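Positions are given from 1 along the sequence. Quantities reported herein were computed from a predicted structural model and do not represent experimental measurements.
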Amino acid sequence: MGKDECKTMLDALNKVTACYRHLVIALGSTSDSQNLREELKKTRKKAQELAVANRTKLTSLLKDKTISKDDRAEYERLWVLFSSSMDLLEVDMKRSLEIGQDFPLKVPTRHLIQTGMTGSTTTVAARAMSVQNMKYEADSTIDTVDLRDLQSEITQVSQMMEEMEMKVQVAPWAVEAKQEAGAELKSNMSVGNSSVGVISICEEEPKEEEGGGSRDAGIASVCAVLVFIVIIAVAGVLGYLVINMS
């Protein structure tokens, strides 16, 4: 039960951090807006709430001396995944701060960049917040006030990661992966377990249609016949030339 709960919580965190990264990409572009800044604020706060919940749960489990060796190995693997997700969140928060400072909305100092991205980011933000429709507060000072909050939150995240390393000693290089690299992108087993919503990262590979093997065999046979005919034709031409030259 503990492992399933941890996986679900980690899955939720990963989806929200993925949403946050998607929103950060739109900063400073022609898709940038007051709504985007508010979406970023709400999404990162949601990510931090999930991060605290993950940290609390995994810390208590890893400190438990009664768990089995296999369970500990699994919790350590989840801890490494959690730490990686936090690293990405911190990097994106710092990037959001830098771009937000370079492209203030209230008093623009430079033109927005035409990146080719168009449309609203509301759908992505709604998925992160697990709501159907986003509600906006229409705060005209969000691009200045929120930057101060963001700077403080970056410090908090950094401190939390340092505390994590002090409380739980898990060597990332000693943790073995349970599946091949990229296997999670081909599986949607975790879809629906999270309360955050679904972000489709990649489509499932199409299954081969029935009869596909026989169709391929037929094509191979036709190709073999054509190659044989070409060889016979070339041999005939060469023979004709040799006879005439002699």
Side-chain angles (χ1 to χ4, degrees), residues 9-54 81-161 184-185 191 194-203:
M9 293 170 62
L10 183 58
D11 184 57
L13 175 62
N14 289 337
K15 285 182 170 63
V16 175
T17 52
C19 283
Y20 186 70
R21 166 157 290 196
H22 185 93
L23 295 174
V24 171
I25 293 174
L27 271 175
S29 73
T30 50
S31 298
D32 200 350
S33 65
Q34 183 174 313
N35 286 349
L36 173 64
R37 302 299 175 97
E38 190 168 338
E39 290 164 2
L40 281 163
K41 176 181 178 180
K42 292 181 177 180
T43 304
R44 76 165 188 270
K45 287 187 178 297
K46 180 70 173 180
Q48 290 175 79
E49 292 174 4
L50 291 169
V52 172
N54 274 274
L81 293 175
F82 168 56
S83 299
S84 300
S85 184
M86 291 301 299
D87 286 336
L88 292 176
L89 177 61
E90 184 184 22
V91 168
D92 288 333
M93 288 174 69
K94 290 179 178 178
R95 183 183 303 169
S96 175
L97 177 63
E98 292 174 359
I99 300 176
Q101 291 172 338
D102 290 339
F103 293 91
L105 295 177
K106 191 172 183 181
V107 184
T109 57
R110 61 180 67 182
H111 294 292
L112 296 176
I113 301 173
Q114 180 58 262
T115 61
M117 295 182 62
T118 58
S120 172
T121 55
T122 302
T123 303
V124 176
R127 287 174 179 172
M129 301 306 298
S130 193
V131 296
Q132 291 185 348
N133 298 305
M134 289 289 295
K135 295 182 179 179
Y136 299 97
E137 300 173 358
D139 184 2
S140 59
T141 63
I142 189 169
D143 65 329
T144 54
V145 176
D146 186 52
L147 287 179
R148 291 195 295 269
D149 295 339
L150 175 56
Q151 198 158 15
S152 175
E153 291 170 20
I154 290 173
T155 302
Q156 293 174 7
V157 170
S158 298
Q159 290 175 349
M160 184 176 74
M161 294 175 66
E184 69 279 1
L185 301 179
V191 172
S194 169
S195 62
V196 183
V198 178
I199 300 176
S200 180
I201 299 178
C202 67
E203 298 293 334

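Of the possible polar contacts, none joining the T43 side chain to the L40 backbone as a donor-acceptor pair under 3.5 Å is found. Between the side chain of S158 and the backbone N or O of I154 there is at least one donor-acceptor pair closer than 3.5 Å. Judged purely by atom type and a 3.5 angstrom limit, S152 has no side-chain atom pairing as donor or acceptor with the backbone of R148.
A distance of 6.0 Å separates CE in M93 from CZ in R44, rounded to the nearest 0.5 Å. Expressed to the nearest 0.5 Å, how far CE of M9 lies from CG of N14 amounts to 12.0 Å. Atom NZ of K42 and atom CG of L23 lie 12.5 Å apart (nearest 0.5 Å). Residue R95 holds its CZ atom at 5.5 Å from CZ of R21, rounded to the nearest 0.5 Å. Put simply, NZ on K46 and NZ on K15 are 13.5 Å apart, with the number rounded to the nearest 0.5 Å. Atom CZ in R37 sits 7.5 Å away from atom OG in S96 (nearest 0.5 Å).
The two residues A51 and L13 come nearest to each other via the heavy atoms N-CD1, 4.0 Å. The minimum heavy-atom distance linking L105 with Q34 is given by the pair CD1-N, 3.6 Å. What you find for I99 and G28 is that their closest heavy atoms are CG2-N, 4.0 Å.
In this structure the side chain of M160 never reaches within 4.5 angstrom of the side chain of Q48, judged on heavy atoms. Contact check for T17 versus D92: no side-chain heavy atoms found under the 4.5 Å cut-off. Between L27 and F103 the shortest side-chain heavy-atom distance does not fall below 4.5 Å.
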Original post:
For K94 and E98, what are the C-alpha separation, side-chain angles and deciding distance, and is it a salt bridge (charged side-chain N to carboxylate O under 4.0 Å, His left out)?
Top reply: CA-CA 6 Å; K94 290 179 178 178; E98 292 174 359; over 6 Å; no
